[in-house]
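Start at 1 and go down the list; that is how both ligands and their atoms are numbered.
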Amino acid sequence: KPLEGADLTVTSKEFTEQLILGAIMGIAFEAAGAEVLDRTGIQGSVGTRAAVENGDADATYEYTGTAWITYLGNSKPIPDPEQQWKAVKEADAKKGLTWLPPARLNNTYALAMNQANYKRYGTKTLSQVAELAKSDPGAVTLCVEGEFANRADGLPGLEKAYGMSLPAGNITQMDTGIIYTQTAKGACTYGEVYTTDGRIKSMNLVVMEDDKKFFPNYNAAPMVRTATLKKWPAIASVLDPVTRALTNDVAQTLNAKVDVDGEDPHQVALDWMKEKGFVK
Ligand code: PBE
């Protein structure tokens, strides 16, 4: 087995898709013969990145746009997903991190609303949301996470890009899981959602189009410590077929098993890895 004798630590952020992706990575390493320590479920993007940078973990599935804007401090996304990945890979090579080839899975932020509010306000695009904020300031209330409220590729950048300036009182911060139920109830007109989340479909939410292409591509890709990869180059060939199989459809289906059906993320990951033949 290609990773026989390796001790590898995997990590992830705390939300469902990340827990599943972290589990998938760990299962792939184990199937290749490695001993795996699971440090998934770290609170927030910055802490998860730090864990890999400082050696508390060897690898994680991270999103290209998150690295480009939030970690590397760029302000303009690169429209082509492959070029975006390449730019991140080049910049992070100087930081001791290697980005392996990306998945098609692109989990971007979006604003979504329930059917009743959609009937009432009829917005389809973020430009229309910005217009509504001008004509009827009270109408545009938002439920968002703390991280989204503060990231350059989150609310501050979105307001700038769409020429929108919402009063602080219109914005309520909460955990990502709560956002979906609050948005479905109409407690906020718009909720900050992840486009691969299974609850968009199950709760029948309407996703606003990012017509100005403010949000970058957020393709998931393995971000590995270069030192670890030098020691265990087979990590690349072990992860490659798994990453290739990860699409938006797969993510939505697996995320829904956890967030809608209440299954365990690790079990969902294992079932999928078996179904795909990545583990016996
Ligand atoms: N995202 C959407 C966020 C959360 C989900 C990929 C832009 C991130 O983890 O960076």
Side-chain angles (χ1 to χ4, degrees), residues 10-25 40-53 57 59-79 81 84-85 88 91-92 97 99 102-112 126 142-158 161 173-180 183 190-201 205 207-210 213-223 243 246-248 250-252 254-256 258-259 265:
V10 295
T11 190
S12 80
K13 311 177 199 184
E14 80 287 18
F15 61 86
T16 296
E17 177 171 287
Q18 279 282 303
L19 296 175
I20 295 173
L21 291 175
I24 284 174
M25 185 179 268
T40 57
I42 293 181
Q43 179 71 40
S45 292
V46 172
T48 307
R49 161 92 168 192
V52 183
E53 274 195 299
T60 191
Y61 271 102
E62 184 52 278
Y63 305 96
T64 53
T66 303
W68 187 244
I69 311 278
T70 295
Y71 307 144
L72 294 163
N74 296 287
S75 50
K76 270 207 167 26
I78 298 174
Q84 178 65 96
W85 169 78
V88 166
D92 264 351
L97 300 172
W99 283 70
R104 275 170 289 163
L105 192 179
N106 174 14
N107 176 9
T108 184
Y109 286 125
L111 296 186
L126 290 177
L142 299 186
C143 286
V144 300
E145 290 171 282
E147 185 167 316
F148 181 80
N150 291 294
R151 273 170 63 156
D153 56 343
L155 190 55
L158 184 143
Q173 289 188 22
M174 57 193 72
D175 287 344
T176 182
I178 315 294
I179 293 178
Y180 292 85
T183 305
Y190 301 94
E192 167 232 327
V193 297
Y194 305 167
T195 50
T196 52
D197 198 287
R199 288 165 290 198
I200 293 173
K201 198 169 156 197
L205 302 179
V207 174
M208 299 298 107
E209 187 202 334
D210 177 20
K213 305 257 177 284
F214 161 69
F215 291 115
N217 297 295
Y218 292 101
N219 293 88
M223 185 183 85
T243 305
L246 294 168
T247 61
N248 286 349
V250 167
Q252 267 151 5
L254 302 187
N255 290 339
V258 175
D259 290 324

Atoms of ligand 1, numbered as shown, that sit under 4.0 Å from any heavy atom of Tyr194: 2 (C), 4 (C), 5 (C)
State whether a side-chain donor-acceptor pair under 3.5 Å links Asn255 with Tyr194. no
Between Phe214 and Leu126, is there a side-chain heavy-atom distance shorter than 4.5 Å? no
Answer yes or no: is there a side-chain heavy-atom contact under 4.5 Å between Tyr61 and Thr243? yes
Polar proximity ligand 1 side, Thr66 side, N/O cut 3.5 Å exclusive: yes
Provide the number and element of each atom of ligand 1 under 4.0 Å from a heavy atom of Arg151. 8 (C), 10 (O)
Just by modelled atom types, is the Thr11 backbone N or O under 3.5 Å from a matching donor or acceptor in the Thr60 side chain? yes
May I ask you to decide if the ring planes of Phe15 and Tyr63 are parallel, tilted or perpendicular, using 30° and 60° as cut-offs? parallel
Residue pair Tyr71, Glu53: steps toward the side chain to side chain donor-acceptor pair (under 3.5 Å) verdict: CA-CA 11 Å; Tyr71 307 144; Glu53 274 195 299; over 6 Å; no
Which option wins on minimum heavy-atom distance to atom 1 (N) of ligand 1: Asn106, Asn107, Thr196, Leu105? Asn107
Nearest protein heavy atom with distance in Å, relative to atom 8 (C) of ligand 1: Lys13 NZ, 3.4 Å
Taking the non-hydrogen atoms of Glu17, is any one of them nearer than 4.0 angstrom to ligand 1? no
Phe15 touching ligand 1 at heavy-atom level, < 4.0 angstrom: yes
